[in-house]
Number of protein chains: 2
Amino acid sequence: MRSGRIGIGLELDAVHLKILQVLRENGRISVAALAERVGISRANAYTRFEALRADGAIKRFTAEIDHVRAGLGITALIFVTVRQQMWKQFRAELARMPEVEYCAITTGQHDAMIQVRVSDVAEVHTLVTDRLAGIPAVKATETVFILDEVLKRPYVLPSDGPRPQRRQAPDPSPAEVPLGKMRFVGAAEGRAALRKE
Amino acid sequence: MRSGRIGIGLELDAVHLKILQVLRENGRISVAALAERVGISRANAYTRFEALRADGAIKRFTAEIDHVRAGLGITALIFVTVRQQMWKQFRAELARMPEVEYCAITTGQHDAMIQVRVSDVAEVHTLVTDRLAGIPAVKATETVFILDEVLKRPYVLPSDGPRPQRRQAPDPSPAEVPLGKMRFVGAAEGRAALRKE
DNA sequence: GTTGAAATTAGTACGAA
DNA sequence: TTCGTACTAATTTCAAC
């Protein structure tokens, strides 16, 4: 049942998820050892491993590198407001900036968030004023520095432990939760369908 | 020269960086194949590979998983304002939330940014109002959704291509760069030393 | 989906340059 | 340090159950 590339492709069962769970913690484990840890035969492990890879559930294997040791101790987030209908150009420019590790299009007052890693704070300034500001697609930016990366999980999976669903019966004496302080920010006006522009 | 764990430990040369470059694109490559691609002997590759691992330059190997295929198609960023001197509690609570993939402490108007992956938008709401709002350390939150992840590099390295330094001689006719629109946001008041509280 | 054996490949331990 | 080789151990493939 791999006619094209449409649909769900592979239905992930509990065993698949367990394989992913092991693999994301130790991407270099041998399939034999993987089989043992998951509790299946080696042949089965090979079959499922290959299926996960072919299906795209596993996109790639990678080494997590200590950027500080690698000489890139400064991490910053740059929130970018992009001029409408210039997304293509913006994406193209991003691809040419090696210090950009991550870029996501978001709802809210900004249009995109990019994460960069450089060796010192001055480089962030150079990057934003000389490179980003020079892109016509960039209307405005807002930069914050990352002081500490508290938590970084390789990848979140549905099987990752208790996922408390919506509270069925609220506490008899509901805690004084400052709901008014919880804001959800939708997309800015005029940004209905900007994906894959 | 590995007395304790202090100092730079290992001085990374060009070969080390090339090894990291290969490994972050293909974390499961054999050391033999790695040696060939880098252009060194197998013995040397084993030595350096082990040194990078022992030194911590390579933190771990991991599988990149397609979260959509894994059933977690919704990604959101939650910007959190944390009550001073309650960071420890905040961190502890985060560790108990499996849907949190990333958390960084930032400068700017918020104190932390967390990235979560869930299966539907309703879960984000539940997460923020039921779980996050229930943590005393959390003063306020602001949530945005990620519409598309444009770029995701395994890890940025200093050797990743041309890193244009500060422009030596500016263009004769300087482009009309809206510098006034480029904001740098420092830490909020009273947050001098909040790392590792 | 499992087990067990053959073929291949990976990892280790040397001495030499 | 790095390289090359030989040796040992492990993994992957493939077969039959």
Side-chain angles (χ1 to χ4, degrees), chain A residues 1-3 8-66 69-71 154 157-159, chain B residues 1-65 69-70 154 157-159:
Chain A
M1 198 184 280
R2 189 173 295 134
S3 46
I8 47 168
L10 188 70
E11 196 64 40
L12 300 184
D13 60 20
V15 177
H16 285 120
L17 287 177
K18 203 165 181 187
I19 289 173
L20 294 178
Q21 216 158 8
V22 173
L23 244 28
R24 112 202 123 141
E25 277 165 23
N26 183 2
R28 270 184 90 83
I29 194 173
S30 72
V31 181
L34 174 70
E36 193 178 15
R37 285 191 57 179
V38 174
I40 54 175
S41 70
R42 284 165 305 173
N44 192 358
Y46 276 105
T47 307
R48 285 166 175 272
F49 180 86
E50 198 39 58
L52 286 168
R53 251 183 166 294
D55 188 65
I58 297 172
K59 291 199 281 192
R60 63 180 156 187
F61 292 94
T62 185
E64 263 194 39
I65 289 152
D66 188 320
R69 278 232 164 71
L157 288 177
S159 53
Chain B
M1 197 183 282
R2 190 172 294 133
S3 46
R5 188 30 80 91
I6 306 150
I8 47 168
L10 189 72
E11 196 64 41
L12 299 184
D13 60 19
V15 177
H16 284 122
L17 287 176
K18 202 165 181 186
I19 290 173
L20 294 179
Q21 217 160 8
V22 172
L23 243 30
R24 114 202 121 140
E25 278 165 21
N26 183 3
R28 271 183 89 83
I29 194 173
S30 72
V31 181
L34 174 70
E36 193 178 16
R37 283 189 59 179
V38 174
I40 55 175
S41 71
R42 287 200 308 158
N44 193 359
Y46 274 105
T47 307
R48 286 168 173 273
F49 181 85
E50 198 40 57
L52 286 168
R53 250 182 166 294
D55 188 66
I58 298 172
K59 291 199 281 191
R60 64 179 156 188
F61 292 94
T62 185
E64 263 194 39
I65 289 153
R69 278 233 162 73
L157 287 177
S159 53

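Every chain is numbered from 1 and lettered A, B, ... according to where its sequence line falls, protein lines coming before strand lines.
On the nucleic acid side, DNA chain C has its first and last nucleotide under 4.0 Å of a heavy atom of chain A at C:dG1 to C:dG4, going 5' to 3'.
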- prompt: How does DNA chain D read in dot-bracket, base by base from 5' to 3', with Watson-Crick or G-U pairs under 3.5 Å and | used when the partner is on another strand?
  reply: |||||||||||||||||
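Atom CG of B:L23 sits about 7.0 Å away from atom CD1 of A:I65, to the nearest 0.5 Å. A:R69 contributes atom CZ, which lies 12.0 Å from atom CD1 of B:I58 (distance to the nearest 0.5 angstrom). Note: A:I40 CD1 to A:F49 CZ = 11.5 Å, rounded to the nearest 0.5 Å. Here the CG-CZ distance, from A:L34 to A:R28, works out to 14.5 Å after rounding to the nearest 0.5 Å.
Scanning all heavy atoms of the two residues, the minimum distance from B:L12 to A:A70 falls at CD1-CA, 3.9 Å. In this structure, B:G56 and A:D66 approach most closely via the heavy-atom pair O-CB, 3.3 Å. Taking each heavy atom of B:A63 and A:F61 in turn, the nearest pair found is CB-CE2, 3.6 Å. When all heavy atoms of B:A35 and B:A45 are compared, the closest pair comes out as CB-CB, 3.5 Å.
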Show me the donor-acceptor pairs, under 3.5 Å and distance only, between side chains in residues 13-21 of chain A and residues at least two apart or in other chains.
{"unit_1": "A:D13", "atom_1": "OD1", "unit_2": "A:V15", "atom_2": "N", "d": "3.0"}
{"unit_1": "A:D13", "atom_1": "OD1", "unit_2": "A:H16", "atom_2": "N", "d": "2.8"}
{"unit_1": "A:D13", "atom_1": "OD1", "unit_2": "A:H16", "atom_2": "ND1", "d": "3.0"}
{"unit_1": "A:D13", "atom_1": "OD1", "unit_2": "A:R48", "atom_2": "NH1", "d": "3.1"}
{"unit_1": "A:D13", "atom_1": "OD2", "unit_2": "A:R48", "atom_2": "NH1", "d": "3.2"}
{"unit_1": "A:D13", "atom_1": "OD2", "unit_2": "A:R48", "atom_2": "NH2", "d": "3.2"}
{"unit_1": "A:H16", "atom_1": "ND1", "unit_2": "A:D13", "atom_2": "N", "d": "3.2"}
{"unit_1": "A:H16", "atom_1": "ND1", "unit_2": "A:R48", "atom_2": "NH1", "d": "3.4"}
{"unit_1": "A:H16", "atom_1": "NE2", "unit_2": "A:R48", "atom_2": "NH1", "d": "3.3"}

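A salt bridge (charged side-chain N to carboxylate O under 4.0 Å, His left out) check over residues 29-42 of chain A, counting only residues at least two apart or in different chains, returns nothing.
Between A:E50 atom CD and D:dT12 atom P the separation is 12 Å, expressed in whole Å.
Within residues 12-37 of chain A, the residues having any heavy atom closer than 4.0 Å to DNA chain D are, in order of number, A:S30, A:V31, A:A32.
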Output a table of nitrogen or oxygen pairs between the protein and nucleotides 3-8 of chain D separated by less than 3.5 Å.
{"unit_1": "D:dC3", "atom_1": "OP2", "unit_2": "B:S41", "atom_2": "N", "d": "3.2"}
{"unit_1": "D:dC3", "atom_1": "OP2", "unit_2": "B:S41", "atom_2": "OG", "d": "3.1"}
{"unit_1": "D:dC3", "atom_1": "OP2", "unit_2": "B:N44", "atom_2": "ND2", "d": "2.8"}

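Of the side-chain N and O atoms in B:R48, none sit less than 4.0 angstrom from OP1 or OP2 of D:dT1.
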